Amino acid sequence: MRDPGGPRGPGRAWRAFPSLPPSLTALSPSAGAARAGGDGGSSDVQWCFLQVKGAIDEDVAEADIISTVEFNYTGDLLATGDKGGRVVIFQREQEPKTRPLSRGEYNVYSTFQSHEPEFDYLKSLEIEEKINKIRWLPQQNAAHFLLSTNDKTIKLWKISERDKRAEGYNLKEEDGRLREPGRVTELRVPTLKPMDLMVEASPRRIFANAHTYHINSISVNSDYATYLSADDLRINLWHLEVTNRSFNIVDIKPANMEELTEVITAAEFHPHQCNTFVYSSSKGTIRLCDMRSAALCDQHAKFFEEPEDPSSRSFFSEIISSISDVKFSHNGRFMMTRDYLSVKVWDLNMENKPVETYQVHEYLRSKLCSLYENDCIFDKFECCWNGSDSTIMTGSYNNFFRTFERDTLRDSTLEASRESSKPRAILKPRKVCTTGKRKKDEISVDSLDFNKKILHTAWHPMDNIIAVAATNNLYLFQEKMN
Amino acid sequence: MDTMFVRGLKRKCFDGEEDIEGTLAGIKAVPSYNLQRQSLLDMSLVKLQLCHMLVEPNLCRSVLIANTVRQIQEEMTQDGTWQMINAQNTGQASLDRLVSTDILCRSSGDQAEGKHVPAYGTFNKDFESDQAQDGSETMSTASSVQAPRNLQSNMWEEMENPQENKGNFQKSLDQIFETLENKSPNSVEDLFSEVDNSYYDLDTMLTGMMTNTKMGHCDSLETFSSPTNTASNSNCKSDLNDLDHIVEILVES
């Protein structure tokens, strides 16, 4: 049973249900410390396999490749989008009373086709149906709402349950045929009878024709009435109720396209300040903007950039500095950015450098040429915070993903594989061998499978449950319970 | 992954390849670096070709590759070793010249020690003498031995007109962004080849029939050296033709 939620205000700034978990840890940023990982030993938290969703066979259909993963505000629902334009929502089972300590499993709740392939006749180009991002809205009533977007169009979906149906109509038969009014001899009151639970998804709003370039991000504002959508060169602000108009708040398109050297790669609203948002660029910079200052936020309020280390400059420096994801911490004091080789945590009050830097797979630095050739260098990895902002997670190659504990400086490398997919099996930490001598259980850089990339991960907003998308499979892991 | 490493490359990334720069004279490292840089330039230009796309290309990727190309161009201009791919090279040869580019992965600090800019005359001579040694070490294909020879003849011809070639290159790079702006495969094709109107028939495209001529155009980088770039003119013309055609279809339906 879901609670109906908090009081519904007149559409503006009302409390989310439930309130987002505040971060309780007062973290003291250690300025500029580079954490290469492995300094503090391996992580305290042990992860167990919970479930895996998706087909097992080797032949992966392109349409089944998962392209986005997102928990809702309570963590009871987990949504995935794929390249075929479908959205699958999993719901967490209620904790069985008989085994109170065992966590609920996630089962399919709803599946629907969100976007269809389209053809742009004017440009003679296809518009992919791939779901780029899904963002949940906080729950207001019994139904659930989410925004899903492909390259061009954002849709607001309502997911609602139906478990009763009316019987005993006067004017129509049970099978739907209309009764002749003249033949009705007595009146009766229709009754509600229970039926098998049916979950319906219906598109409530379609926000289209506002983006010339490919949408890479959507972000719901903390006022829960507006949201932003960002493409390569522009960011638009929408009201959830209005589909025929959006406001352009950032435009970095140069007058002369020949001068284009930088694009927007990600954008997000601040979790508490409804006037603040950030956007990252392909040059490794982040701009924080305040919508109160001007209608068009081309002038940033803050500009975050780490000066380049001249000793490590190469032809690939710019490409690997391109930021693929930016996420605010739950407490709103920090933000995290992911570039090709590292994850950086920034204090919003310090613009000249990040407060923490974590190396994800530094061993790839000497392989950049090959990774450029096979296009892997352009892979866009995402990153995420845990509920308390104490740990961050991001993906890598060979179905590896990494977690970094900020306070203890512990990190771990784990693998999402079928081999370690036995119920409650504890995940064994993996290690990539960078020197010539390979120890047992280590894997050498040459043996890494660059087709198995973990680009999308999500962390439950409160519990230690993580969802990891490995191509067409969704892995769920939970913290080992003692 | 099979294609993890560039074709013909021995695994140098692990076996401390400092010996390339350390024990051998700096002169030897220079052609190696230049060739690899050229190779990276070729690779980047190939990547920018958008011909196989039915979907709009990824703008971020294109911008990053174009910026890399500009960087290489700037450095080559500063070095004074700027040269153009000329009509002698077919598309296949340029791909074969993708030699080991691991040296480029290293920081400029590492390279600064071994690298120096030789005078034009000495470069030729050094190049010839190094060819035999280079051939066995960094390149294993026969075509790569051809490459240095081509390089020499290129340089001899192109060094006389560095400005013009640079201008052409810059123009071509700019055209890439114009085409990204227009998002029309027509103009993209024009960038690299003579216009073939038969391909741009809307019906042909919709039914997915791609003619061989189109593939041939993609592989060739010949027009980069063509001094007369009539692409912009033919752009408008073919665009108009296609627009008419599209309007025709829409009206009929």
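The model shown is predicted, which means the values in this text are computed figures rather than measured ones. Throughout, protein chains are lettered first and strands after them, A, B, ... in sequence-line order, and every chain is numbered starting at 1. Heavy atoms only: backbone and side chains are in, while hydrogens, waters and symmetry mates are out.
- Heavy atoms of other residues, nucleotides or ligands lying less than 6.0 angstrom from CG of N248(A) number more than 12.
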**OP:** Give the intermediate values and the outcome of side chain to side chain contact (heavy atoms under 4.5 Å, CB included) for residues L260(A) and L59(B).
**Re:** CA-CA 10 Å; L260(A) 180 66; L59(B) 185 63; 4.1 Å; yes

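- Taking every heavy atom of both residues into account, T68(B) and F315(A) meet most closely at CG2-O, 3.8 Å.
- Atoms CG and CG, on N58(B) and N216(A) in that order, are 9.5 Å from each other to the nearest 0.5 Å.
- Here the closest heavy-atom approach between residue S314(A) and residue Q71(B) is recorded as O-OE1, 4.0 Å.
- The CD atom of E318(A) lies 11.5 Å from the CD1 atom of I65(B); values are rounded to the nearest 0.5 Å.
- The heavy-atom pair separating T261(A) from N67(B) by the smallest distance is O-ND2, 2.9 Å.
- Looking at S322(A), only its side chain comes within 4.5 Å of chain B, counting heavy atoms on both sides.
- Here CD1 of I319(A) is found 9.5 Å from CZ of R61(B). Values are rounded to the nearest 0.5 Å.
- For I377(A), no part lies near chain B; criterion is any non-hydrogen pair under 4.5 Å.
- Annotation: the span from L64(B) atom CG to S321(A) atom OG amounts to 8.0 Å, rounded to 0.5 Å.
- When heavy atoms are compared at a cutoff of 4.5 Å, T265(A) approaches chain B solely by way of its side chain, counted from C-beta outward.
- Using a 4.5 Å cut-off between heavy atoms, D375(A) contacts chain B through both its backbone and its side chain.
- For a residue to count as touching a neighbouring chain, one of its non-hydrogen atoms must lie under 4.5 Å from one of that chain's; by this rule K452(A) does not touch chain B.
- Going from atom OG of S44(B) over to atom OH of Y372(A) covers 2.5 Å, rounded to the nearest 0.5 Å.
- K431(A) NZ: 12 or fewer foreign heavy atoms inside a 6.0 Å radius.
- In this structure, OG in S62(B) is found 8.5 Å from CZ in F378(A), a value given to the nearest 0.5 Å.
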